[in-house]
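Note: hydrogens, waters and symmetry copies are ignored here, and every other heavy atom, side chains too, is used. Numbered from 1 within each chain, the chains take letters A, B, ... in sequence-line order.
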Amino acid sequence: MARSISDVEDMILSVAGGDRTAFLSLYDATSAKLFGVCLRVLNDRAEAEDVLQEVFLKVWRNADRYTANGLSPMTWLITVARNAAIDRLRARKPSTDDDSALERMAASGPGPEASAIAAGEARRIAECLGELDPRRADAVRGAYLDGQSYNDLARRFDVPLNTMRTWLRRSLQSLRECLSR
Amino acid sequence: MSRDDSDSPENDRPDEVLAAEYVLHLLDPAERSAAETRLGTDGAFRALVAEWSERLVPMAEEIPSETPPAGLRQRLAAETAPRAPKREPRFAAGRRRSFLVGLLGGAGVAAAVALAFMVATPLLGPEPGPRFAADVTSESEDLLVTASYDPDAAELTVTRAAGQAPEGRVLQLWLLTEDQPPHAVGVLPDDGSLSVPVIPFWGQRIPQGRFAVSVEPPGGSTDEVGPTGEILAVAEVTPR
């Protein structure tokens, strides 16, 4: 069943009013995507499940803050999930490079929910990342998708920490310019 | 997290960059905490963070969706279930303030209490602070239950690393405080860990409290009754 952005938004607003049915509908519509996000960062199903439970309980409690944060509904949910997963990752221990996380994960394809992120936007950012040096683009993706820290990234690309900071900051600036074109 | 001295001029980066690094989760804990404080008061910074969040989120499109285990939906349904009206009249939550929250797996009525406290739980504060935790371990070390309280999230995470209840019994976690009777936190799930919301009344007592694990009949004991079975272990809460 396709879900549009406004469906997800309506569900969040209902959850803010304490509507438990809406909460479970929101879970049905978004949990597969958010589980994917957690799994991508943590690469551990049990941990990802645990974090996803925290995430949905936070959503249940804090849905009323959604209207104040200025984010679109899926951005907010993905942000909450990604932050929780990265917090868990950082609490775990210094991470080792793990480029195979995605490969090891069974690609189950899109879940029942429609993508709430416009395909055009996904293509745009892919194009803009494509304009960067491939290693720098991979560093941005490593930070965003895998939750890698500057230290992780410096190790992974075998460059000094400050070089990595410079790479990332310049890449972000280029990305912003490209996306605003 | 160590930083090179040569890096210090970089600390004066523009807000635009800081916001992007915040969104990417690249700031070290102190910087992240400072940024979160600013988010609460600085609308311009909040707007930059929102812009970067929207700018970068299309990257998540490539992450494949993955259906989570069915048990998670059931747990969330139980945790958010309203208290059954027959068992708990309308103002029962106030009368039974001492009941923190019910847990999962069989303690259906207890789980139903969760809603009342979630509603009463204050919103997350922006700054991550210390956690308070206790490792409840028996002398023989065949029981290890960790209870970790995060005041910022108003959440208690309970993890059972070792220990099984005798056949037909359950293990129950208790919060022991200076000024209240033993408080039934809940029945431990069979495996894994569990996060439960904590109301301020108990949240402010946890740092000075102790956690204990007892053996109870299925469904567990209540505050009014207190632990009925053998207390396997007790541990003091310490800052972590």
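When the candidates A:D87, A:L129, A:T79 are compared by the number of heavy-atom contacts under 4.5 Å with chain B, A:D87 comes out ahead. Contacts with chain B were tallied for A:D50, A:L52, A:N83; A:N83 has the most, counting heavy-atom pairs under 4.5 Å. Your options are B:A50, B:A20, B:P68, B:S195, and the one with the most heavy-atom pairs under 4.5 Å with chain A is B:P68.
The existence of a salt bridge linking B:E16 and B:R55 is confirmed by a sub-4.0 Å separation between a basic side-chain nitrogen and an acidic carboxylate oxygen. Salt bridge status for B:E21 with A:R169: present, with a side-chain N to carboxylate O gap under 4.0 Å. A salt bridge is absent between A:E177 and A:R181; no separation between the charged side-chain nitrogens and carboxylate oxygens falls under 4.0 Å. Salt bridge present: A:R40 and B:E62 bring a charged side-chain N and a carboxylate O closer than 4.0 Å. Ionic pairing of B:D15 and B:R38 is present here: one or more N-O contacts between side-chain nitrogen and carboxylate oxygen are shorter than 4.0 angstrom. Between A:D152 and A:R155 a salt bridge is recorded (basic side-chain N to carboxylate O distance below 4.0 Å). Salt bridge B:D135/B:R240: present, at least one basic N to carboxylate O contact under 4.0 Å.
With a 4.5 Å cut-off on non-hydrogen atoms, A:Y27 touches chain B through its side chain but not through its backbone. Interface residue A:I125: only side-chain heavy atoms are found under 4.5 Å from chain B. Residue A:R45 touches chain B through its side chain alone, counting heavy-atom pairs closer than 4.5 Å. When heavy atoms are compared at a cutoff of 4.5 Å, A:F23 approaches chain B solely by way of its side chain, counted from C-beta outward. For A:L172, the parts sitting under 4.5 Å from any heavy atom of chain B are the backbone and the side chain alike. Heavy atoms closer than 4.5 Å to chain A are found nowhere in B:E51, neither backbone nor side chain. In this structure, no portion of A:A46 lies under 4.5 Å from any heavy atom of chain B.
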